[in-house]
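Chain letters run A, B, ... following the sequence lines, proteins first, then strands; residues in each count from 1. Atom set for the values below is all heavy atoms of this structure, side chains included, hydrogens, waters and symmetry mates excluded.
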Number of protein chains: 2
Amino acid sequence: MYNQKEALKDYYSTNDYGEENLGYPFVFGVSVDCIVLGYQSGKLKVLLVERGVSPYRGYWALPGDLLKKDEDLKNAAERVLYQLTGLREIYFKQFKTFGAIDRHPMGRVLTVGFFSLVKSENIYPLPAAWAKDTKWWDINELPELAFDHAFIIRKGLKRLRKKAKYESIGFELLPEKFTLLELQSTYEAIFGVEYDKPNFRKKILSMKILEDLNELQSNVNHRPAKLYRFDRDKYNTLKNMGFQFEF
Amino acid sequence: MYNQKEALKDYYSTNDYGEENLGYPFVFGVSVDCIVLGYQSGKLKVLLVERGVSPYRGYWALPGDLLKKDEDLKNAAERVLYQLTGLREIYFKQFKTFGAIDRHPMGRVLTVGFFSLVKSENIYPLPAAWAKDTKWWDINELPELAFDHAFIIRKGLKRLRKKAKYESIGFELLPEKFTLLELQSTYEAIFGVEYDKPNFRKKILSMKILEDLNELQSNVNHRPAKLYRFDRDKYNTLKNMGFQFEF
DNA sequence: TGACTTATAGTATTTTTTACTTTAACAATT
DNA sequence: AATTGTTAAAGTAAAAAATACTATAAGTCA
């Protein structure tokens, strides 16, 4: 039967570069942690879980779990997201691995950070299966967090903002049908700035990546706005022709 | 004395989310691998090492090593780069972690990928201490590579190109003093495209991030070009004022 | 000196961005 | 049915940036 310990031992004793080594392989725990972001009433929010066990019992933390033997990193993140939201096919990306020596009080555990964008109205988080509680938090008003999760969130948001500037990922936060003003507000929440309304419209429409649904908002007490849909196929076609999305 | 195995065992038995778990912590080997890029005679090159031991004896591979007990990821990459080049203070960035189940034939080993940009004329790689041989390879003409290193390089280059478009990292590949045509050629090598000479000059000079050294090339058999230096302080000042580098 | 190569400056046209104004559509109220 | 308030959506004009191209200047080499 295959024995990983022995295999790693062999590997180490014939170390790549003939260097002095640790004799016996030093091994690491590995986890994944997910920054789940949603857009709600004009604000960017992150979904956190309250820990029910020590260490950091009672603290809020990123949803995550230890990597399993038969999983690759992507599978592990998918599993965590599914257990949290009940949804598959969520947008998520690995963004950075955190390996500070003392980041986990009980041993050497590396964590691979993912960020994920969801349409938050589709989500009914499942607290029971996970932890004491689950809650959306405004990204500008976070509680004290477990481990190095505050640091991880800062890094993840920074990366998200860079990515959102040059890729059409803002649409992941919106429902299928949306108005141009909703789209504008989403981008304002992501970047923390304000845009001129007519120019925002002009810019996004000139990209030709939205489909006009010829439908109007309902149940609003003002002139209803047109509804649009993000046309992913058109976007991909244009991208292959050299088009560069940019905000 | 602190016992990591026991600590991890405890940690696992009181798993965050009360899920069924593996009983005993499954542990992973962790390594770092570095894509070292340089610019030579109009081409983008990557520095590879030839493996002297199995697995993959005789194959070319990325320079890398197993993470040590008392190192964080950044330290490990720094160490690998120092052992390879003899230089400290090289530009490098973590870009992605690779954790496919079967990526290492002898066990479960995750690797954290870094890419690094160097001024290749400063470097005299040290083959003896490392492996059978060390060599610069044209990124478009790579040999067969060990492990999943071909995949890692593809991903790393993709990330580099994105980053180079919006950050001034191209200068890391050039010597302290360079001509505008050398700068242009470097960017042409990174992106695999050609630029119009007068417009390239205009664009880069209008950014106001170069210092004119009032010096000329020497030992060239044509009109010598002016030498410039990248003014990192000016660049940072402008960046803080909202300036966005872009190619 | 003259031919040749390359750096560098300049110009003119087109395209894009930005700031701002105007008009139209609808809901709610009187 | 007219009025008011709010928002969508179209339009316009000025400024800035990108692009394509031309011309000139400064050096080397024979």
Starting from [atom2] on [N], measure out to [atom1] on [X] and report it in whole angstrom.
X	N	atom1	atom2	answer
Lys203(B)	dG10(C)	NZ	P	21 Å
Asp196(B)	dA17(D)	CG	P	19 Å
Phe178(B)	dA7(C)	CZ	C1'	16 Å
Leu227(B)	dA7(C)	CG	P	12 Å

Taking [X] first and then [Y], would you say they form a salt bridge - that is, a charged N and a carboxylate O separated by under 4.0 Å?
X	Y	answer
Glu172(B)	Arg232(B)	yes
Glu188(A)	Lys197(A)	no
Lys43(A)	Glu141(A)	no

Exercise for review: Determine yes or no for a side-chain-to-main-chain donor-acceptor pair under 3.5 angstrom, with Ser116(B) supplying the side chain and Tyr91(B) the backbone.
Suggested key: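 Indeed, once roles are kept as given, a pair shorter than 3.5 Å links the two residues.
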Check your understanding: Would you say the side-chain atoms of Thr111(A) pair up with the backbone N or O of Ser31(A), donor to acceptor, closer than 3.5 Å?
Key ->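 Yes, Thr111(A) side chain to Ser31(A) backbone: donor-acceptor pair under 3.5 Å.
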Practice item. May I ask you to decide if the ring planes of Phe92(A) and Phe114(A) are parallel, tilted or perpendicular, using 30° and 60° as cut-offs? Key: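 Phe92(A) vs Phe114(A) ring planes: tilted.
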Point to revise | Pairwise side-chain contact, Tyr82(B) with Ile90(B), heavy-atom cut-off 4.5 Å (strictly under) | key: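 Side chain of Tyr82(B) against side chain of Ile90(B), heavy atoms only: no contact under 4.5 Å found.
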**Study point:** Nucleic acid contacts of residues 237-247 of chain A, taken as heavy-atom distances under 4.0 Å to DNA chain D
**Key:**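 Per residue number, the list is empty: none.
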Review point. Is the NZ or CZ atom of Arg51(A) positioned over Tyr59(A)'s six-membered ring, under 6.0 angstrom from the centre and within 45° of the axis?
Key: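 Geometry flag: not set, cation outside 6.0 Å or 45°.
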Review point. Can you give one letter per nucleotide of nucleotides 3-13 of chain D, going 5' to 3': B for a protein heavy atom under 4.0 Å from the base, S for sugar-phosphate only, - for none?
Key: ----BBBBBB-
